[in-house]
Amino acid sequence: MPEPSALAESGGGTDRPVPTAGPESTVDIESGSGPDDSDRLALSIEILTTAPAPLRRRAVRAWLAEQGVSGLMNAHLQAIDELVSNWRGQGPVAIGGGSRAHRLVVLREHGTLTVRAQPRFDAT
């Protein structure tokens, strides 16, 4: 089991890499997030809203790590937490990963957080 300090949120709002939580982190997940991403897992917002912010962020970090997302920064976790705790209809949050043609985003839909591959738009 990792030391509690290894799971602590990085402070100060800086864009430092955030350590990944270990397998002991338990999150409520549902299979599938739509026809295009049926192999992805969704995270229940109803469960997340009852947890304190540090625990929510730890659960989100562990959930994203399970889906192969790496290189998360504190700013990513804060923006994703806003989708849960301060929902105002904001759009998806771009996160690290994906491919040359697609980027990964976390979005709120139907009471869950889901990860989707979104086409990258070429600015040329």
Side-chain angles (χ1 to χ4, degrees):
M1 180 167 177
E3 293 295 318
S5 61
L7 297 176
E9 295 296 313
S10 58
T14 60
D15 280 349
R16 293 180 289 180
V18 179
T20 303
E24 72 284 344
S25 299
T26 305
V27 293
D28 184 32
I29 53 178
E30 302 170 8
S31 284
S33 59
D36 299 327
D37 292 315
S38 59
D39 59 332
R40 298 215 183 262
L41 301 173
L43 195 61
S44 172
I45 289 174
E46 183 179 0
I47 300 297
L48 285 174
T49 57
T50 63
L55 185 56
R56 278 196 310 264
R57 291 183 185 148
R58 239 178 280 151
V60 167
R61 183 185 321 114
W63 168 66
L64 290 171
E66 287 175 4
Q67 297 188 58
V69 176
S70 60
L72 287 174
M73 301 290 195
N74 191 42
H76 293 123
L77 292 173
Q78 287 177 344
I80 294 167
D81 191 56
E82 287 286 308
L83 294 175
V84 175
S85 64
N86 194 17
W87 177 243
R88 305 178 310 278
Q90 61 268 43
V93 175
I95 55 176
S99 66
R100 188 171 183 88
H102 293 85
R103 69 181 185 160
L104 294 179
V105 296
V106 174
L107 65 142
R108 178 178 172 148
E109 62 180 1
H110 309 294
T112 62
L113 290 179
T114 58
V115 175
R116 293 279 171 98
Q118 186 178 69
R120 294 185 190 265
F121 296 106
D122 192 9
T124 58

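From a predicted model like this one, the values you see are computed outputs, not experimental measurements.
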Trainee: How about Gln90 and Leu83: do any of their side-chain heavy atoms sit closer than 4.5 Å?
Mentor: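 Yes, their side chains come closer than 4.5 Å.
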Trainee: Listing request: all salt bridge (Lys or Arg N to Asp or Glu O under 4.0 Å) pairs with a residue in residues 73-85, at least two apart in sequence or in separate chains.
Mentor: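 Qualifying pairs: Arg56-Asp81, Arg57-Asp81, Glu82-Arg88.
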Trainee: After noting the C-alpha distance and the side-chain angles of Trp63 and Val106, does the key distance pass the side-chain contact (heavy atoms from CB on, under 4.5 Å) rule?
Mentor: CA-CA 11 Å; Trp63 168 66; Val106 174; 4.2 Å; yes
Trainee: Quick test of your reading of the model: are Glu66 and Arg61 salt-bridged, counting only N-O distances below 4.0 Å?
Mentor: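 So Glu66 does not pair with Arg61 through a salt bridge.
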Trainee: Quick check for you: to the nearest 0.5 Å, what is the distance between Ile45 atom CD1 and Ser85 atom OG?
Mentor: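 It is 10.5 Å, given to the nearest 0.5 Å.
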Trainee: Do the non-hydrogen side-chain atoms of Val115 and Leu41 ever get within less than 4.5 Å of each other?
Mentor: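 Of all side-chain heavy-atom pairs linking Leu41 with Val115, none is under 4.5 Å.
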Trainee: Got a list of side-chain donor-acceptor pairs under 3.5 Å for residues 93-102, not counting sequence neighbours?
Mentor:
from  : atom 1 : to     : atom 2 : distance (Å)
Ser99 : OG     : Ala101 : N      : 3.4
Ser99 : OG     : His102 : N      : 3.2

Trainee: What verdict does the side-chain contact (heavy atoms from CB on, under 4.5 Å) test give for Leu43 and Thr112, after you've listed the backbone C-alpha separation in whole Å, the side-chain angles of each residue and the deciding distance to 0.1 Å?
Mentor: CA-CA 5 Å; Leu43 195 61; Thr112 62; 5.9 Å; no
Trainee: What's the separation between atom CZ in Arg120 and atom CZ in Arg103, rounded to the nearest 0.5 Å?
Mentor: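 One finds 7.5 Å between CZ of Arg120 and CZ of Arg103.
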Trainee: Could you tell me which non-hydrogen atom of Leu107 sits nearest to which non-hydrogen atom of Pro92, and how far apart they are?
Mentor: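 Smallest interatomic distance, heavy atoms only, reads CB-CB, 3.8 Å.
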Trainee: How many angstroms lie between atom CG of Leu48 and atom CG of Leu55, to the nearest 0.5 angstrom?
Mentor: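 Separation between the atoms: 8.5 Å.
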Trainee: Under the rule for salt bridge (Lys or Arg N to Asp or Glu O under 4.0 Å), what residues qualify as partners of Arg108, not counting sequence neighbours?
Mentor: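 If we apply the salt bridge (Lys or Arg N to Asp or Glu O under 4.0 Å) test to Arg108, skipping adjacent residues, there are no hits.
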Trainee: Which atoms form the tightest heavy-atom contact between Thr49 and Glu46, and what is the distance?
Mentor: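 Where Thr49 meets Glu46 most closely, the heavy atoms are OG1-O, 3.0 Å.
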